[in-house]
There are 2 protein chains.
Amino acid sequence: MSKKPTISDVAHEAGVSKGLVSFVVNGRPGVSAATRERVLAAAAELGWRPNPNARSLTTRSAYALGLVVLRDPEIIGSDPFFPAFISGVESVLSDRGRVMLLSVVPDEERELDTYRKLAAESRVDGVFVTDLRHRDPRIALLAELALPAVTLGHADVPSDFPVIDRDYGKGIAAVVSRLRELGHTRIAHVAGDERMLHGTHRRDQFTEAVRASGGTPIVVSGDFSPDSGAQATHALLGMAEKPTAIVFANDPMAMAGMAVAQELGLRLPDDLSITGMDGSEMSRYLFPPLATVGNDPAEWGRAAALSLLALIETGASDDVTLPDAEFIPRGSIAPPPQAAQPSSERPTAQPSSR
Amino acid sequence: MSKKPTISDVAHEAGVSKGLVSFVVNGRPGVSAATRERVLAAAAELGWRPNPNARSLTTRSAYALGLVVLRDPEIIGSDPFFPAFISGVESVLSDRGRVMLLSVVPDEERELDTYRKLAAESRVDGVFVTDLRHRDPRIALLAELALPAVTLGHADVPSDFPVIDRDYGKGIAAVVSRLRELGHTRIAHVAGDERMLHGTHRRDQFTEAVRASGGTPIVVSGDFSPDSGAQATHALLGMAEKPTAIVFANDPMAMAGMAVAQELGLRLPDDLSITGMDGSEMSRYLFPPLATVGNDPAEWGRAAALSLLALIETGASDDVTLPDAEFIPRGSIAPPPQAAQPSSERPTAQPSSR
DNA sequence: TTGAAAGCGCTACCAA
DNA sequence: TTGGTAGCGCTTTCAA
């Protein structure tokens with residue numbers, strides 16, 4: 001059980017100086033092939049890997065990327081985006097000698113403090129900015145901290161950071177369009193957390209799509225949590241002119257909405273069409289299977305990691321546009337019920353159980 | 001836009017030596033109150049924070065904890081455990097100047113390499129070992145690497161690491177007991193991934209509970225994914241003597257199982273009782289609401305973090321036993337159908353839609 | 001109670 | 001193409 005080997009051990013073993021070993025492991029030119037081999041062999045034999053902490057001291061690089069997630073600890077479990085996003089990031093990082101540092105914070109104050117700490121302590125070389133909010137304070141903070149970053153989506157404040165984005169509106173338009181084709185006229189949207197840009201974007205894209213098709217959008221607010229989805233659904237189904245289709249801003253809300261509808265005795269999709277967003281794994285396994293709009297969080301992760309690494313290594317990185325979001329039609333949508341009863345107090349169908 | 005301040009800047013500002021500043025920030029005794037104040041004031045004014053990389057070099061501590069998750073990238077999104085577990089860990093770490101390093105790997109080879117890398121590079125001071133497997137190779141590897149760790153659950157190989165655990169069998173026994181009370185005699189279990197200890201434990205606890213109550217357990221295998229839950233349910237409901245209740249090893253499988261049952265025209269819970277495990281947020285919002293067994297991943301996270309920190313800082317840490325798992329009864333269970341038709345080819349109920 | 005200096009493991013520079 | 005040496009920012013002796 002020996003101590004961890006250092007660069008000196010390797011240098012000694014290979015019979016060269018530390019400087020040369022450093023040159024070799026960093027792939028610098030100007031080292032003869034022979035000594036290069038010798039050094040590599042010595043390093044391998046000793047099982048030596050350069051200590052990133054020591055390297056950081058001179059290179060001013062942390063060899064780590066940061067992700068700070070602001071999320072209510074209570075509901076973070078029902079969000080399928082992050083785990084998949086992270087595995088996408090990892091698939092890029094694993095071969096590049098960088099690690100990922102993750103922080104989950106409960107409120108904005110802690111969030112901003114976390115970025116300050118990461119920067120002040122030189123813990124990371126750059127960060128991913130997810131869940132952009134209106135006039136997001138992180139953009140200015142990160143600029144001030146001179147911390148490289150990429151944003152998922154376009155910020156609504158001036159930002160020099162590269163942005164990863166995808167046209168999600170295309171998918172939403174496809175949903176609305178399909179619903180209109182099926183004959184729906186009263187189409188509602190349960191919005192996500194509107195403090196987040198993608199919450200309002202999805203809402204706007206929905207209303208725009210409905211208006212473009214000559215309809216009148218109905219919108220109620222939610223916050224992406226199943227609970228809010230359930231409440232919103234109750235509100236919608238309690239309306240005098242209740243909608244015949246509900247477009248939820250994410251899958252968990254849609255699932256909760258499906259449950260509420262079923263509890264009220266509605267048959268899905270005959271009495272009510274429902275769609276989700278984000279294309280979660282679970283959506284496929286519901287009854288009826290939930291129509292949704294694909295999003296591929298792992299792809300976001302890969303693209304964001306690549307872009308952030310490029311920014312860090314070369315000082316610049318282009319924006320990247322992922323393929324347009326695609327509507328994934330499934331059994332949760334159907335034509336609206338024929339016998340619409342605009343002012344009925346009771347559900348249009350008999351309870352399917354109880 | 002000045003450079004980051006260093007300990008020298010602070011020492012200069014306070015008119016003392018670097019050594020003293022170090023003593024102050026590390027709370028060492030033997031510093032007069034006066035200079036102590038002066039140093040703290042200088043540090044605050046300059047916005048200085050000690051650079052963990054530099055500290056690591058001398059203290060041999062990384063000020064970071066590691067979590068390596070082996071999970072199929074495709075299905076990681078439907079697992080509600082990790083995000084909540086991580087937020088529990090974070091709630092402990094955030095005040096303690098340590099960060100969390102997360103790695104998601106697709107296979108065992110990468111997993112073990114990741115631990116080796118983390119250790120060789122001194123990236124972390126300790127790691128969390130989750131999802132213990134049979135004869136888990138990580139135990140021996142971590143011991144060999146001399147990397148402190150805590151395990152979630154007891155390993156089935158000799159291990160000196162502290163263990164965090166909870167009696168989950170109590171909750172499972174309560175489920176079975178309640179089901180028996182309701183009159184169920186054919187109770188099935190859809191097991192989780194049996195390469196994982198908790199997959200087999202839950203299966204064993206189920207079969208034991210059923211046997212203890214004089215019944216004959218039915219078990220089919222799954223792997224914790226919704227897809228496997230759906231397949232297993234199809235298999236069970238295709239049996240000649242189909243079960244009247246299905247106990248799933250986690251909530252996502254149970255959700256998928258509910259969908260399959262409904263698709264087959266069964267009314268829940270009248271025609272079939274279903275229960276899940278892990279007490280996910282979503283379970284509450286299904287129709288019918290899914291009875292499950294609580295697990296509180298955030299609590300696991302807090303306990304594991306506390307235990308690991310204690311181990312790292314003091315060299316020893318006690319095992320911790322979390323409160324027994326509790327059955328959470330909900331609408332997805334009911335007495336078995338009266339008119340049992342042991343050899344019926346058709347479902348006992350009319351389809352609720354289609 | 002304080003200051004000075006050595007050294008952690010590495011990179012980077014300057015000579016050779 | 002190589003070796004020697006001076007730091008990077010911090011902690012930790014050892015003296016004073």
Side-chain angles (χ1 to χ4, degrees), chain A residues 2-40 42-43 46-64 97-98 117 119-123 125 313, chain B residues 2-40 42-43 46-64 97-98 117 119-123 125 313:
Chain A
S2 52
K3 292 300 315 157
K4 239 163 257 178
T6 73
I7 194 171
S8 295
D9 299 328
V10 177
H12 187 83
E13 174 80 16
V16 299
S17 68
K18 296 192 306 176
L20 265 204
V21 176
S22 177
F23 269 42
V24 170
V25 297
N26 290 303
R28 303 282 212 80
V31 182
S32 76
T35 58
R36 167 180 209 76
E37 289 311 311
R38 207 138 35 83
V39 168
L40 257 19
L46 267 43
W48 172 78
R49 308 183 61 116
N51 180 328
N53 290 314
R55 301 185 73 190
S56 296
L57 228 40
T58 46
T59 63
R60 269 126 213 319
S61 178
Y63 304 100
R98 277 196 164 83
K117 195 182 71 181
E121 297 182 346
S122 303
R123 287 274 199 180
D125 302 318
E313 287 163 10
Chain B
S2 54
K3 290 303 313 160
K4 242 165 252 180
T6 74
I7 195 172
S8 295
D9 299 328
V10 175
H12 188 81
E13 174 80 15
V16 298
S17 69
K18 296 191 306 176
L20 265 203
V21 176
S22 177
F23 272 38
V24 170
V25 297
N26 290 305
R28 301 282 212 80
V31 183
S32 77
T35 58
R36 170 180 207 75
E37 289 310 312
R38 207 137 38 83
V39 168
L40 257 19
L46 267 43
W48 174 76
R49 309 183 61 115
N51 180 328
N53 289 314
R55 302 185 72 192
S56 297
L57 227 39
T58 47
T59 63
R60 270 129 211 316
S61 179
Y63 304 100
R98 276 195 164 85
K117 195 183 69 180
E121 298 182 346
S122 302
R123 287 274 200 180
D125 302 317
E313 286 163 11

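Everything numeric here is computed off the predicted structure, so don't read it as measured data.
- V16(B) comes within contact range of the sugar-phosphate backbone alone, with a heavy-atom separation under 4.0 Å but no base atom that close.
- Per the geometry, NZ belonging to K4(A) stands 15 Å off C1' belonging to dC10(C), to the nearest Å.
- The phosphate of dC8(D) has neither OP1 nor OP2 within less than 4.0 Å of any side-chain N or O from R55(A).
- Computed from coordinates, the I7(B) CD1 to dG3(C) C1' distance equals 13 Å when rounded to whole Å.
- Between dT11(C), dG9(C), dG9(D), one nucleotide has an atom nearer to the side chain of T59(A) than all others, and that is dT11(C).
- Between the P atom of dC8(D) and the NZ atom of K3(B) lies a distance of 12 Å, rounded to the nearest Å.
- One atom, OH of Y63(B), and another, P of dG9(D), lie 17 Å apart when rounded to the nearest Å.
- For the pair R28(A) and dT1(D), the criterion of a side-chain N or O lying under 4.0 Å from OP1 or OP2 is not met.
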Restricting to nitrogen or oxygen on both sides, can you table the protein-nucleotides 4-7 of chain D pairs closer than 3.5 Å?
none

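- Atom CH2 of residue W48(B) and atom CD of residue E13(B) lie 13.0 Å apart, to the nearest 0.5 angstrom.
- Using a 4.0 Å heavy-atom criterion, one finds that S22(B) contacts the bases of the nucleic acid, with or without backbone contacts as well.
- When heavy atoms are screened at a 4.0 angstrom cut-off, T35(B) is found touching the sugar-phosphate backbone but no base atom.
- N53(B) has its CG atom 22 Å from the P atom of dG7(C), to the nearest Å.
- Across the protein-nucleic acid pair, R49(B) atom CZ and dC10(D) atom C1' stand 16 Å apart, rounded to whole Å.
- Rounded to the nearest 0.5 angstrom, E121(A) CD and K4(B) NZ are separated by 10.0 Å.
- In this structure, the side chains of N26(A) and R55(A) come closer than 4.5 Å at one or more pairs of heavy atoms.
- Taking atom CG of L57(A) as the reference point, atom P of dA12(C) lies 12 Å away to the nearest angstrom.
- To the nearest 0.5 Å, atoms CG (N51(A)) and CG (N53(B)) are separated by 9.0 Å.
- H12(B) places its NE2 atom 18 Å from the P atom of dT2(C), with the value rounded to the nearest Å.
- Look at S32(A) and you'll find a side-chain N or O under 4.0 angstrom from OP1 or OP2 of dT2(D).
- To the nearest 0.5 Å, the span separating CG on D125(B) from CD on E313(B) amounts to 9.0 Å.
- Heavy atoms of R36(B) sit nowhere under 4.0 angstrom from any nucleic acid atom.
- When each of dT11(C), dG9(C), dG9(D) is scored by its nearest atom to the side-chain atoms of R60(B), the top-ranked nucleotide is dG9(C).
- Taking 4.5 Å as the limit, some side-chain heavy atom of R98(B) sits within range of a side-chain heavy atom of S61(B).
- Regarding contacts with the backbone of dC8(D), every side-chain N or O of N51(B) stays at 4.0 angstrom or more from both OP1 and OP2.
- Counting heavy atoms from C-beta on, the side chains of R49(B) and K117(A) come closer than 4.5 Å.
- When side chains are defined from C-beta on, T6(B) counts as touching D9(B), because their heavy atoms get closer than 4.5 Å.
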